[in-house]
Amino acid sequence: MEGIETPPLASETIAHIGSFEVRNTLIMAWLAMAVIVVIAVLARRTRYREIPGRFQALLELIVEGLFDFFDSVIGDRKQTRTFFPLIATIFLFLMLANWMGILPGVGSITLEGMHNGHLVPLPIFRSMNADVNMTLAVAIISVVSTQVFGIAALGFLPYAGKFIVAPWKDPIGCFVGILESIAEFAKIISFTFRLFGNIFAGEVLLTVIAFLLPYIAPIPFLGLELFVGFIQALVFALLTAVFLKMAATAHGGHDHGSTRPVLSIVEGLTTSESSHHLVQT
């Protein structure tokens, strides 16, 4: 549509630190991390009083709520205590980054710079997860952490036995092991493009709506993006929790009855949300 400049797939370089490129999505990631660090420091300064103030009570409500929720998914309190720092950090970081992506000024505050050989206005701030490199980085952290926790829980050789089976001893098991190995790499692709696709689609949707019907019409869609940002972070953290549970369970000992309903719920959330995005677009 003539007149509309939709956001490019690639993030833009805003500055350089030596040979290191500082991109607008990276700036948003730093800001999200700074907010989390500030909240953590303020929480530390409360000294965790027995009679909490409002701020401490709010933090306790959030942490306890998340812990109980993920514990209901994992089904083992000891494992939940082990996995919780990782999955809660992923959830809070992604949700905060998604929500910060719709703040006033994100995408609209620009400076002149070179992009693809042309002098164009570059947005200083851009939604972190609208950059596939950012979602890929979080996906790699999630999948690599799954392998580390799996090895820590079962030992290297038993865990490797899920993927490497002597074909002369168990041909079917060998084939299943190959499929398991492929599935681990497929998780990275799935994690990366599910999150990137939804956030980038939302960014394009808001740009189009703001061009066609400015000021009032984008408001409902901003609410939609808040919901999408929350669901995407929840889906990412839920899948990480399920995969951690499966990785820390001995081969042949997976509790399929407990993981399948969770995976079905996650798939339902993702399908519903993606369909809603397509309808709105």
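Position 1 is the first residue of the sequence; numbering continues from there.
Ring orientation note: the planes of Tyr159 and Phe163 are nearly perpendicular, at an angle over 60° on the 30°/60° scale. Note: Phe20 and Trp30 have parallel aromatic rings, judged against thresholds of 30 and 60 degrees for the angle between ring planes.
Annotation: the span from Leu136 atom CG to Thr192 atom OG1 amounts to 4.5 Å, rounded to 0.5 Å. Put simply, CD1 on Ile141 and CD1 on Ile188 are 11.5 Å apart, with the number rounded to the nearest 0.5 Å. Rounding to the nearest 0.5 Å gives a distance of 10.5 Å between CE of Met134 and CG of Leu195. Note that the CD1 atom of Ile199 and the CG atom of Asp131 stand 12.5 Å from one another [nearest 0.5 Å]. Taking CD1 of Ile102 as the reference point, atom CG of Leu224 lies at 9.5 Å (rounded to 0.5 Å). Here Thr146 contributes atom OG1 and Ile151 contributes atom CD1; the two are 11.0 Å apart, rounded to the nearest 0.5 Å.
When side chains are defined from C-beta on, Met246 counts as touching Phe243, because their heavy atoms get closer than 4.5 Å.
Counting only distance, with no hydrogens or angles, the side chain of Asp71 and the backbone of Phe67 share no donor-acceptor pair below 3.5 Å. Between the side chain of Trp99 and the backbone N or O of Leu226 there is at least one donor-acceptor pair closer than 3.5 Å. Although no hydrogens or angles enter the test, the distance criterion places a donor-acceptor pair under 3.5 Å between the side chain of Thr89 and the main chain of Pro85. Panel note: side chain Gln56, backbone Arg49; a donor-acceptor pair is recorded below 3.5 Å.
A cation-pi arrangement is absent between Lys245 and Phe83, since the terminal nitrogen or guanidinium carbon is not both under 6.0 Å from the aromatic centre and inside a 45° cone about the axis.
Taking the charged nitrogens against the carboxylate oxygens, Arg23 and Glu12 have no contact shorter than 4.0 Å, which rules out a salt bridge.
Heavy atoms of other residues, nucleotides or ligands lying less than 6.0 angstrom from CZ of Phe55 number more than 12.
Taking the centre of each ring, Phe191 and Phe236 come in below the 6.0 Å mark.
Among all heavy-atom pairs drawn from Glu60 and Pro52, the shortest one is OE1-CG, 4.1 Å.
Between the side chains of Ser127 and Glu203, no donor N or O sits under 3.5 Å from an acceptor N or O. Checking Thr240 against Ser142 by side-chain atom types alone, a donor-acceptor pair falls below 3.5 Å.
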Show me the side-chain donor-acceptor pairs of residues 38-46 shorter than 3.5 Å, one per line, residues at least two apart or across chains.
residue : atom : partner : partner atom : Å
Thr46   : OG1  : Ala43   : O            : 2.5
Thr46   : OG1  : Tyr48   : N            : 3.4

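Of the listed residues (Thr110, Thr25, Val106, Leu103), just one forms a side chain to side chain contact (heavy atoms under 4.5 Å, CB included) with Phe125, and that residue is Val106.
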